[in-house]
Amino acid sequence: MIKHLLKMVWNRKRANILIIVEIFFSFLVLATVLITTVHYWQNYYRPLGYSIQGVWRIEMSLKSLLTSLKAGSDDSKQETEKARQLYLALQKLTEIEAFAGSSDAPYDPSVQTSSYSYRGSKLEIQTEYGCTAGFKDVLGLQLVAGRWFEPNDAALSWDPVVINQKMKEEVFGSEDPLGKNIAPEKAERERRVVGVISEYRKHGEFVSPYAFAFQRSGWSGMEGQLSGPPHYILVKVRPGTPASFEEKLMTQIQRVNKNWSFTLTPLSESRQNWLTFCLVPIVAGGIVAAFLLIMVGLGLVGVLWQNVTQRTREIGLRRSVGGTRGDIHRQVLGELVVIASVGLLLGVALAVQVPMLHLIDFISARVFSFGIVSSVGLIYVLTVLCGLYPSWMAARVEPAQALHYE
C-alpha cells in the first residue's frame, strides 16, 4: 500500500513539489516559534535572583561619563570631588532606602565579559563591573555562602569577587569556592571568591540561568579609588514615596555638576521595554508561521480538489472493481500524508543538526524535542483536516461516472 502511495505521489511530483516546499518551511518556522516560546515560558518561572520593586536607574550619558573620567591634573581631581559630592547628596535624601553605583544594570541589553582561570581552565564569565557595596541591598540579592563586598575591602591586596550559584556549580561543583583565586594567568592581583549569591539573571525572566561574577569597585574615595561617578546609579526608594520625589532627586543630583547629564528610569519600565523587545520576534514568527500554515492548508485543499476532479475516471474504475468508499477515502488521505511526510522529513533532518552542532546549547534537549514533535503533530493534523472534504468527495464518485470520460 505504501509503495503504491509513493508511486502515486511521484507520478504527480510537479504538482506536489510546491506543497512539499511549503510544508518544509512551515515546519521550520513553526518549530522555531514553539521551541522559543516554551524556552521563554520555562525560564519565566525560574528565580530571577533580585527584586526591582521601588528601584530606579539613573544613567549618566556616555559623553558626561568620559568627561568625568578623563585623565588630567586639576580637572580630574575636581571631577572626582564632584562625584564624591554626588555620593553625599544621595546619602542625605531620606526617601532613599539604599543606593549603589555600577557600570551595568538589570535589563540592560549589553553584555560584558571578563576572563577568569581556575586550575588551568580558562573561563569567560559575564561580569558586573563597578559594583559598589550597596548593590546587594538595592536589589535584595540573597547570599547562600560567604559575604558581600564591604567598604574596607579597598585596603586588601587582592580583589574580592562574588559569584552566583550557577557559576559555583559549573566551575567548582561540590567544592567550596570561598577563598579560591580565579584570576586569569599573569594577572597582577588575585581575584578571590568571598561570597556566593543564589542567582542573578541580568537579562531578565526569558533568559536561562548562566554563570555570573561580580567584581567590587569603589566610588570616588567613598568605597575605593575609582575616579568619577559610575555609569549607572541604582536607587531604592522607601515604600510610599510619592512620584514627585523624582523631580526632587533629579534636582539634587543636577546641582552637583550642571555639566553632567542624567536620565532616570524605573527598573519596572526597563523590564517592560526589554520583555516587549524579546517578545516581538516571537509574535512576528507566530504571524509568519500562521500565514505559512494557511497557505499550506489552501494549497492542500486546492491540489486535492483538482486531483479529485481530474481523477474521476481512475476513482470510478477502482470502485467498479470492488473498491469501497473507505478505500478511496484512505487512499486520498494516504497520498496527502505521504506528501506531508516528505516535507517533514526534510525539515526534521535539517532541524536536528542544530543541537548536534551545539549551536543553541542554552536550550535544553527536552524543550527542543518538544518543539520538533509538536510541530510535526500540528502539521499532520492540519494535513488530515485539509484532506477530509476532498477525500469525502472522492469517495462519493460512483462507478458509472467513469463512463462519462470514455
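All residue numbers refer to positions in the sequence shown, counting from 1.
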Separation of L178 CG from D176 CG (nearest 0.5 Å): 4.5 Å
State whether a side-chain donor-acceptor pair under 3.5 Å links S121 with Y116. no
Side chains of L139 and L267, heavy atoms from C-beta outward: is any pair under 4.5 Å? yes
Would you mind reporting whether L249 and W56 have side-chain heavy atoms less than 4.5 Å apart? yes
More than 12 heavy atoms of other residues, nucleotides or ligands under 6.0 Å from CD of Q53: is that the case? no
Which heavy atom of H39 sits nearest to which heavy atom of S208, and what is that distance? CE1-OG, 2.8 Å
For E190, check salt bridge (Lys or Arg N to Asp or Glu O under 4.0 Å) against everything at least two apart and list the hits. R192
Measuring centre to centre across the rings, with the benzene-like ring taken for any Trp, is F214 within less than 6.0 Å of W148? yes
Any donor and acceptor pair, going by atom type alone, linking the side chain of Q353 with main-chain N or O of A349 inside 3.5 Å? yes
Step by step, work out the side-chain contact (heavy atoms from CB on, under 4.5 Å) result for I182 and M167. CA-CA 12 Å; I182 56 175; M167 181 172 176; 4.0 Å; yes
Over all heavy atoms of both residues, which pair between P177 and V193 is shortest? Give the atoms and the distance, please. O-CB, 3.3 Å
By salt bridge (Lys or Arg N to Asp or Glu O under 4.0 Å), which residues pair with R271, not counting sequence neighbours? E205
Which pair of heavy atoms, one from A187 and one from A183, lies closest together, and at what distance? CB-CB, 4.0 Å
Classify the ring geometry of F206 against Y44: parallel below 30°, tilted from 30° to 60°, perpendicular beyond 60°. tilted
When K166, R201, K202, E199 are each screened for side-chain contact (heavy atoms from CB on, under 4.5 Å) with F212, the one that passes is K202
Rounded to the nearest 0.5 Å, what separation is found between the CG atom of L34 and the OG atom of S375? 4.5 Å
How long is the span from the CZ atom in F24 to the CG atom in L344, to the nearest 0.5 Å? 10.5 Å
I'd like to check the ring pair (Phe, Tyr, Trp, His ring centres under 6.0 Å) partners of W41; sequence neighbours left out, ordered by chain and number. Y45
Just do the side-chain contact (heavy atoms from CB on, under 4.5 Å) check on T132 and F149 with the steps written out, would you? CA-CA 7 Å; T132 64; F149 303 126; over 6 Å; no
Under 3.5 Å donor-acceptor, S102 side chain and A105 backbone: no
Pair R191, S114 - check side-chain contact (heavy atoms from CB on, under 4.5 Å), show working. CA-CA 12 Å; R191 297 178 187 173; S114 183; 3.2 Å; yes
Neighbour count >12 (heavy atoms, 6.0 Å) for atom CD, E247: no
Closest approach of S115 and P184, non-hydrogen atoms and distance? O-CD, 3.4 Å
Might you point out which heavy atoms bring I282 and T37 nearest each other, and give the distance in Å? CG2-OG1, 3.5 Å
Has the side chain of Q215 got a donor or acceptor atom that lies under 3.5 Å from a matching backbone atom of A213? no
For the NZ atom of K180 and the CD1 atom of I163, what is their distance to the nearest 0.5 Å? 10.0 Å
For the backbone of G173 and the side chain of K168, can you confirm whether one donor and one acceptor N or O come within less than 3.5 Å of each other? yes
Is F370 atom CZ crowded by more than 12 heavy atoms from other residues, nucleotides or ligands, each under 6.0 Å away? no
Rounded distance (nearest 0.5 Å) linking atom CG of L382 with atom CG of L293: 6.0 Å
A side-chain contact here means heavy atoms from C-beta on lying under 4.5 Å apart; do R366 and Q42 qualify? no
Any donor-acceptor pair under 3.5 Å from W274 side chain to H203 backbone: yes
Taking the side chain as everything from C-beta on, heavy atoms only, tell me whether I372 gets closer than 4.5 Å to F27. yes
Chi angles and distances behind the side-chain contact (heavy atoms from CB on, under 4.5 Å) call for K136, I197: CA-CA 10 Å; K136 171 181 172 293; I197 61 172; over 6 Å; no
Please enumerate all residues that pass salt bridge (Lys or Arg N to Asp or Glu O under 4.0 Å) together with R255, with sequence neighbours excluded. none
Nearest-0.5 Å distance that lies between atom OG1 in T383 and atom CD1 in I23: 5.0 Å
Between Y107 and N273, is there a side-chain heavy-atom distance shorter than 4.5 Å? no
Give a yes or no answer on whether the side chain of T113 reaches the backbone of E124 with a donor-acceptor pair at less than 3.5 Å. no
Sorted by chain and number, sequence neighbours left out, salt bridge (Lys or Arg N to Asp or Glu O under 4.0 Å) with E169 holds for none
Using the ring centroid of each side chain, check whether F172 and Y118 are separated by less than 6.0 Å. yes
So do E97 and T241 actually touch side chain to side chain, heavy atoms under 4.5 Å? no
Pairs where residues 173-193 contributes a residue and the test ring pair (Phe, Tyr, Trp, His ring centres under 6.0 Å) is met, not counting sequence neighbours: none
Are any non-hydrogen side-chain atoms of I363 and V354 less than 4.5 angstrom apart? no
Mind checking whether V138 and V235 have side chains closer than 4.5 Å, heavy atoms only? no
